Amino acid sequence: MANHILTLCLLVITCSAALAFEPSPLQDFCVADATSSAKVNGLVCKDSKMVEAKDFFFSGLHLLGNTSNFLGSKITPVNVAQVPGLNTLGVSIVRIDFAPMGLNPPHYHPRASEILTVLEGTLFVGFVTSNPENRLISKVLQKGDVFVFPMGLVHFQRNVGHRNAIVMAGFGSQNPGAVGIANAVFGSNPAIPNEVLTTAFQVDKNLIDSLQTKF
Ligand SMILES: *[C@@H]1O[C@H](CO)[C@@H](O)[C@H](O)[C@H]1NC(C)=O
């Protein structure tokens with residue numbers, strides 16, 4: 001019986017280690033050393049004796065983001081680029097501000113699931129499941145509501161209230177990354193050839209040209 005429990009425990013540990021998207025830390029922390037030019041998966045650790053509170057600190061998520069842009073939204077990220085102490089820890093956070101009708105356009109995070117909570121306002125949010133179903137799973141969120149966007153799925157948020165909206169969102173990565181669908185498809189550099197896009201979207205070259213000028 002004890003043996004079975006031990007085997008089960010080992011199995012669970014092995015599986016969770018194999019399934020974890022970012023590797024588990026091998027030490028208390030590995031504060032990113034911005035001066036190192038070594039290339040590793042993540043960032044090189046600085047000498048732990050040199051680590052200070054400021055390596056784990058960020059101030060400013062109480063500040064209103066400037067939403068004066070065509071989307072009417074502003075993302076304030078707090079990931080390993082802002083907080084070097086997040087290196088190897090597999091978490092990060094953002095604040096997003098939305099003007100009325102403001103949009104965080106369809107995008108996905110290649111390295112993280114996202115858990116979002118509404119601090120102020122009313123948002124229509126959703127994500128789309130992968131091929132072949134491509135089902136839109138969406139909901140209107142109010143203050144205090146929480147919604148989850150699974151890793152790698154295309155999702156968006158739009159302010160459908162009459163006032164500004166504020167959300168905070170956590171990620172299961174120190175560096176979740178973001179791929180904007182419109183930016184990737186119509187704004188790549190160099191551009192994806194016209195024949196690819198006209199066939200893929202079943203529209204004519206003029207429409208593709210027009211979309212490419214916008215991104
Ligand atoms: C907000 O951004 C706009 C556009 O970049 C800029 O013109 C404006 O000065 C900014 N407002 C503030 C308060 O920073």
Side-chain angles (χ1 to χ4, degrees), residues 32 34 43 52-87 91-128 138-149 153-171 173-192 197 201 206-215:
L43 297 158
E52 301 171 81
K54 70 175 171 56
D55 293 320
F56 301 93
F57 176 76
F58 176 93
S59 178
L61 278 197
H62 61 302
L63 298 174
L64 190 69
N66 183 346
T67 57
S68 301
N69 55 61
F70 82 96
L71 291 169
S73 72
K74 175 69 180 181
I75 296 170
T76 307
V78 185
N79 57 47
V80 73
Q82 289 76 32
V83 177
L86 283 175
N87 190 39
V91 294
S92 58
I93 190 170
V94 297
R95 168 180 172 138
I96 316 176
D97 288 273
F98 299 85
M101 298 190 297
L103 175 70
N104 186 8
H107 65 281
Y108 68 88
H109 303 287
R111 294 178 287 277
S113 294
E114 173 174 353
I115 181 165
L116 171 153
T117 187
V118 179
L119 300 188
E120 294 292 342
T122 305
L123 293 154
F124 175 67
V125 307
F127 65 84
V128 179
S138 66
K139 190 159 176 56
V140 173
L141 304 182
Q142 309 290 348
K143 180 173 183 165
D145 291 351
V146 172
F147 202 77
V148 172
F149 303 101
L153 297 188
V154 173
H155 60 281
F156 59 84
Q157 300 108 23
R158 184 169 189 266
N159 183 357
V160 291
H162 299 292
R163 298 179 301 119
N164 291 344
I166 306 170
V167 308
M168 294 284 180
F171 296 93
S173 170
Q174 67 180 37
N175 179 25
V179 178
I181 304 307
N183 299 73
V185 174
F186 299 111
S188 70
N189 185 19
I192 298 176
L197 297 178
F201 290 92
N206 291 338
L207 182 50
I208 297 296
D209 288 343
S210 150
L211 286 165
Q212 282 174 331
T213 62
K214 294 186 205 301
F215 295 98

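One-based numbering, in listed order, for ligands and for the atoms of each. A quick note: this is a predicted structure, and the numbers were derived from the prediction, not measured.
In this structure, CG on Leu103 lies 10.5 Å from CG on Leu123, to the nearest 0.5 angstrom.
A tilted orientation is assigned to the rings of His109 and His155, their planes being inclined by 30° to 60°. The aromatic rings of Phe127 and Phe149 lie perpendicular to each other, with more than 60° between the two planes, well past the 30° mark.
Atom 9 (O) of ligand 1 is never approached by the protein to below 4.0 angstrom, counting heavy atoms only.
The protein non-hydrogen atom at the shortest distance from atom 5 (O) of ligand 1 is Ser68 O, 4.4 Å. Closest to atom 12 (C) of ligand 1 among all protein heavy atoms lies Asn66 ND2, 3.3 Å.
If you run side-chain hydrogen bond (donor to acceptor under 3.5 Å, both in side chains) between Thr122 and each of His162, Arg158, Lys143, Gln142, only Gln142 comes through.
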